[in-house]
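Beneath this line is the structure, given in structure tokens, with notes to follow.
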Amino acid sequence: MEDLIKQKLAILSDAPGCYLMKDRHGTIIYVGKAKVLKQRVRSYFTGSHDGKTQRLVSEIVDFETIITTSDIEALILELNLIKQYDPKYNIMLKDDKTYPFLKITAERHPKLIITRHVKNDKGKYFGPYPNAYAASETKKLLDRIYPYRKCHTLPTRACLYYHLGQCLAPCINEVEPETYKEMIANITRFLNGGYKEVKKELTHKMTESAEALEFERAKEYRDQISNIEMVMEKQTMAMNDFTDRDVFGYAIDKGWMCVQVFFVRQGKLIERDVSIFPLLKDPDEQLLTFIGQFYGKSDHLKPKEVLLPPNVDADIVQQLLNINVFIPQRGKKKDLVNLAVKNAEVSLSEKFQLLERQEARTIGACEDLADAMNISLPSRIEAFDNSHTYGADPVSAMVSFVDGKPDRKNYRKYKTKTAAAHDDYGAMREVVRRRYIRVLKENLPLPDLILIDGGKGQMEIAREIIEDELGLSIPIAGLAKDEKHQTSQLLYGNPIEVIPLKRTSEAFYLLQRIQDEVHRFAITFHRQIRGSNAITSALDKIPGIGPKRKTQLLKHFGSLKEIKVATSEELQVAGLPLKLANSVALYFQDELKEIK
């Protein structure tokens, strides 16, 4: 253990608060909360841990703490710090699925819409609903029953809805506020359980239509009834109190935690949310953090009531959410919690092997690579490659992988400026210099490993820039290819040597993915530049065709190929004067003759 950490552990406070763990780059990689900071933070550096926690601890080189006056204050601060720093070990919500809501807008002339985002805008939200199609059909049903506004923006004259009797046309008529108030109350009652009366009425109309041999109308009523049942009456367990509540249950196994959230709406269990993530602290504490993040997302509307499993601090959750929170001891509510826990156990069992395999391909491969090269864990890897056609249109590219996964927002493309056309070494020197001068200038995170698509020569060029010129200490490795242009060897060290890796190992597969990706990214960029230059050079040779004329022609014809076969008359239609149109047509006719 580093001396700095030992000294800080010795003077830790026993007050509640938050702790922020940092890696060797000073980046915050984990944020946690504790009732007693001294006990919790020390626990990371003493005793044995599972793989997930051990990996976190191996990256910690420093930490800081923030003392709070209470546990609830620590929880709120933790949630804010996670949102601010987005630490990589605080990735909690794996399931990004969103559910549709029906919303009555808070406008002078309200309308009913479907949305997947809940905002604090005084609108009335109903849901979430598990079936987007059925929610849409229910909205259509309400559109027909109630003549509220249908347009997004008020038109200047009445639309078809008005003539069909489905809108009061506030665009041309003065509608009394009480009329809208009564209509919104009826829609609210419908969505809060009063749909049974509407269903009964529709059933009566369906029977009447069938008796009158109006089978198309009867089918329409039947479909409307079916849609109401699909949204409003789908259930696996019913409660007779019609209360909207969320039910939480969790399970833990082998360093992982699964949380199941059941959505109970109108007393009926309609949907669930499943999230699985590494367990890095006490399960009950982790659940508190999860709940805070869960309702911090805009698409998770707080219900009237939350049910929790035993041993969770319900008082803190109630203070955090400002709603009723219970730990049921018996009855249907207790059965719901038990059902959520059982589902969490089943989900964790089913998904555990898949999670292990995915981790082996990503962070596990990084660990194997670190062991083979005898370096620190390469969480961030950056790889470079050059591309050109016989020296023409030279470009370079860099891709970034974080924890074994592509970090596409940090990919970079480069047009070489100073390197000669055929000089691969010069291009590598230029691009590596440009990249890391900018990284230092803008204080961007440095990589833990740099991969060069090439052999010893390219590696030495990169090392001159990184170590000698910029004074950085970053491992640099080369990726050599065989005669089939496939990844064959990993070069590293001083002197440079081949690092033995099994071709069936996850570390080798990771290097293969990185090399293929940087090559794909570079060659795609090169093709774009080459195509752009081909168009530019062909049109630039014609007197009178400047940038505006080129854009005009390409916009009209769509491609250089179409321009080449266009007649003088067609070129005039595209906007060229007669004399210039004749010149362009004649130029490409002469070019065609030369080819023949």
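Values below: every heavy atom of this structure, side chains too, minus hydrogens, waters and symmetry copies. One is the number of the first residue; the rest follow in order along the sequence.
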Closer than 3.5 angstrom, by distance alone: can the side chain of [X] be matched with the main-chain N or O of [Y] as a donor-acceptor pair?
{"X": "D516", "Y": "H519", "value": "no"}
{"X": "E464", "Y": "I461", "value": "no"}
{"X": "R40", "Y": "K33", "value": "yes"}
{"X": "E285", "Y": "D282", "value": "no"}

Just to verify, what does [X] make a ring-ring contact (aromatic ring centres under 6.0 Å, His included) with, not counting sequence neighbours?
{"X": "Y411", "result": "F521"}
{"X": "Y509", "result": "none"}
{"X": "Y492", "result": "none"}

Could you tabulate the donor-acceptor pairs under 3.5 Å formed by side-chain atoms of residues 438-450, not counting sequence neighbours?
from : atom 1 : to   : atom 2 : distance (Å)
R438 : NE     : E442 : OE2    : 2.9
D448 : OD1    : R24  : NH2    : 2.8
D448 : OD1    : H25  : NE2    : 2.9
D448 : OD2    : S379 : N      : 3.1
D448 : OD2    : R380 : N      : 2.9

If I take atom [atom1] from residue [X] and atom [atom2] from residue [Y], how far apart are they, to the nearest 0.5 angstrom?
{"X": "L9", "Y": "K6", "atom1": "CG", "atom2": "NZ", "result": "10.0 Å"}
{"X": "H556", "Y": "L576", "atom1": "NE2", "atom2": "CG", "result": "9.5 Å"}
{"X": "Y85", "Y": "I28", "atom1": "OH", "atom2": "CD1", "result": "4.5 Å"}

Test side-chain contact (heavy atoms from CB on, under 4.5 Å) on I29 and L20; report intermediate values, then the result.
CA-CA 8 Å; I29 57 175; L20 299 86; over 6 Å; no

Ignoring hydrogens, what is the shortest heavy-atom contact between [X] and [Y]? Give both atom names and the distance.
{"X": "G478", "Y": "M459", "value": "N-SD, 3.3 Å"}
{"X": "T46", "Y": "R42", "value": "OG1-O, 3.1 Å"}
{"X": "A566", "Y": "A585", "value": "O-CB, 4.2 Å"}
{"X": "P543", "Y": "L580", "value": "O-CD1, 3.5 Å"}
{"X": "T68", "Y": "A74", "value": "OG1-CB, 3.5 Å"}
{"X": "A383", "Y": "V518", "value": "O-CG2, 3.4 Å"}

Are side-chain N/O atoms of [X] and [Y] paired as donor and acceptor at under 3.5 Å?
{"X": "Q54", "Y": "Y44", "answer": "no"}
{"X": "N582", "Y": "S568", "answer": "yes"}
{"X": "E430", "Y": "Y414", "answer": "no"}
{"X": "Q260", "Y": "S347", "answer": "yes"}
{"X": "S387", "Y": "D385", "answer": "no"}
{"X": "T289", "Y": "K281", "answer": "yes"}

Using side-chain heavy atoms (C-beta onward) and a distance below 4.5 Å, is L490 in contact with M373?
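When only atoms from C-beta onward are counted, M373 and L490 do touch, with a gap below 4.5 Å.
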
Would you please classify the geometry between the Y19 ring and the Y30 ring as parallel, tilted or perpendicular, with 30° and 60° separating the classes?
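Rings of Y30 and Y19: tilted, as their planes differ by 30° to 60°.
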
Residues in salt bridge (Lys or Arg N to Asp or Glu O under 4.0 Å) contact with E64, at least two apart in sequence or another chain:
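Partners of E64 under the salt bridge (Lys or Arg N to Asp or Glu O under 4.0 Å) test: K22.
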
Please say which of V259, D273, L287 ends up in a side chain to side chain contact (heavy atoms under 4.5 Å, CB included) with F294.
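One option only clears the test, and that one is D273.
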
Step by step, would you call F525 with R520 a side-chain contact (heavy atoms from CB on, under 4.5 Å)?
CA-CA 9 Å; F525 182 42; R520 178 202 65 79; over 6 Å; no

Applying side-chain hydrogen bond (donor to acceptor under 3.5 Å, both in side chains), name anything that partners D62, two or more places apart in sequence or on another chain.
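K8.
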
I would like to know whether D468 and R463 meet salt bridge (charged side-chain N to carboxylate O under 4.0 Å, His left out); could you show each step before the answer?
CA-CA 7 Å; D468 300 341; R463 183 175 292 165; over 6 Å; no

